[in-house]
2 protein chains.
Amino acid sequence: MKLSDKEQEIIERIGVFFEKKGHQPILGRIMGLLLVLDRAEATFDEIREYLSVSKSAVSNALTLLQSLDRVEYTTKPGERKRYFRLKVRNWRKDMQDDMNGIFRISVLLKEVMEVRSNSNSEFNHCISDFQNFIEFMKEEMPKLIEKYDRLHS
Amino acid sequence: MKLSDKEQEIIERIGVFFEKKGHQPILGRIMGLLLVLDRAEATFDEIREYLSVSKSAVSNALTLLQSLDRVEYTTKPGERKRYFRLKVRNWRKDMQDDMNGIFRISVLLKEVMEVRSNSNSEFNHCISDFQNFIEFMKEEMPKLIEKYDRLHS
DNA sequence: TTTTTAGTTCTCTTTTTTATGAACTAACAA
DNA sequence: TTGTTAGTTCATAAAAAAGAGAACTAAAAA
């Protein structure tokens with residue numbers, strides 16, 4: 001039960017990717033592991049061994065990943081073990097959430113505009129312009145997704 | 001030289017927003033301050049006082065913000081002080097960078113596909129589907145931006 | 001009933017991040 | 001020349017995050 005160097009490297013890279021999103025390191029590495037394994041699932045203990053981390057680390061990470069709706073588990077008849085796997089169906093939703101996270105700056109800018117006087121109209125105008133841009137993007141994004149679904153159905 | 005409660009609150013909120021992007025707390029708070037101030041600029045010492053942080057914290061944060069191309073400074077004739085302000089022109093670019101950060105998962109998924117066998121075609125198919133979706137988005141995004149610019153010129 | 005399996009919870013250490021404060025520098029001013 | 005202003009750098013303290021390991025629990029198996 002050993003991962004190849006290439007697999008390990010990819011897991012680390014995916015780990016870093018999710019770490020940058022503000023998650024703790026193991027979360028990303030567990031997701032990387034579940035992506036790399038051919039079965040696309042693993043038991044609690046397999047995860048522990050593949051990643052050589054403690055039980056508590058795995059337990060906490062899996063609890064968190066499930067609460068984030070990124071991981072789920074199934075059981076097999078006659079077995080007590082849980083088989084953890086990625087919630088594949090949510091990937092697009094997760095990505096949209098990330099997009100909305102980026103767009104959320106416009107809410108903050110709106111509040112900024114509320115406290116600013118109109119003495120610096122050049123700067124105020126820059127903020128408004130940027131807000132318009134974001135509003136446009138926010139409106140167009142769902143249309144883009146619809147377009148994709150129309151093309152791929 | 002005091003900020004109102006409302007201004008402070010907005011600065012904290014903007015701080016948290018940028019913290020979630022992986023930056024250290026003061027970076028976001030400095031950006032928040034520069035957004036909230038009517039002049040939209042502040043000297044080194046004003047930043048220090050408004051945010052009640054140490055000189056070194058301000059110095060390091062400003063150096064970093066400048067290297068990230070988010071802040072710049074101007075000087076005024078006869079004054080040695082620097083007037084720091086946000087690089088407003090880069091906001092859209094920053095946002096596009098953030099988007100590309102989200103899309104970068106497709107590079108990782110490509111590598112994942114390279115190490116996966118074809119034994120689990122259902123899962124592999126899910127990955128490919130998601131990759132197609134991202135590729136579509138990556139292609140459409142610049143078009144969307146063009147469209148916005150055409151409408152607002 | 002006792003044991004085993006599968007995971008959880010709690011306490012504590014290790015590591016990393018964030019920021020402080022003091023000493024330092026560079027440029028100009030008195 | 002000495003002082004002052006405007007910052008920088010460095011060593012370190014304080015705080016937060018991440019994870020380890022042991023004790024614990026709950027359900028099934030023997």
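All chains are named by letter (A, B, ...) in the order of the sequence lines, taking the proteins before the strands, and each is independently numbered beginning at 1.
By the 4.0 Å N-to-carboxylate-O rule, B/Glu46 lies close enough to B/Arg39 to be salt-bridged with it. Here A/Glu114 does not pair with B/Lys6 in a salt bridge; the nearest charged N to carboxylate O distance is not below 4.0 Å.
Mapping B/Gln66 and B/Arg80 onto DNA chain D by nearest heavy atom places B/Arg80 closer to the 5' end of the strand. Projected onto DNA chain C by closest heavy-atom contact, B/Arg29 and A/Thr63 fall at different nucleotides, the more 5' of which corresponds to A/Thr63. Judged by closest nucleotide on DNA chain D, B/Ser56 is the one of A/Ile26 and B/Ser56 placed further toward the 5' end.
Among C/dG21, D/dG7, D/dA20, the nucleotide with an atom closest to any side-chain atom of B/Ser54 is C/dG21. In this structure, the nucleotide among D/dA18, C/dA19, C/dT9 sitting nearest to the side chain of A/Ser59 is C/dT9. Taking only side-chain atoms of A/Pro25, from C-beta outward, the nucleotide of D/dG7, C/dG7, D/dG19 with the closest atom is D/dG19. Closest to the side chain of A/Arg82, out of C/dG7, D/dT8, C/dT20, is C/dG7.
Heavy atoms of B/Lys81 sit under 4.0 angstrom from primed sugar atoms or phosphate atoms, though from no base atom. Among the atoms of the strands shown, only primed sugar atoms or phosphate atoms (P, OP1, OP2) are found under 4.0 Å from some heavy atom of A/Ala57. No contact: B/Val58 has no heavy atom under 4.0 Å from any strand.
Remark: B/Phe136 pairs with A/Tyr148 by the ring-ring contact (aromatic ring centres under 6.0 Å, His included) rule, at least two apart or across chains.
Following rounding to the nearest Å, B/Phe18 (CZ) and C/dT17 (P) show an atom-to-atom distance of 21 Å. The separation between B/Leu62 atom CG and C/dA19 atom C1' is 14 Å, rounded to whole Å. Rounded to a whole Å, the CG atom of A/Leu51 is 15 Å from the C1' atom of D/dA20.
Phosphate contact (OP1/OP2 of D/dA17, side-chain N/O of A/Gln24, threshold under 4.0 Å): absent.
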Please tabulate, one pair per line, all N/O donor-acceptor pairs under 3.5 Å involving side-chain atoms of residues 95-102 of chain B, not counting sequence neighbours.
{"unit_1": "B/Asp97", "atom_1": "OD2", "unit_2": "B/Lys93", "atom_2": "NZ", "d": "3.0"}
{"unit_1": "B/Asp98", "atom_1": "OD2", "unit_2": "B/Lys21", "atom_2": "NZ", "d": "2.7"}
{"unit_1": "B/Asn100", "atom_1": "ND2", "unit_2": "B/Gln96", "atom_2": "O", "d": "3.3"}

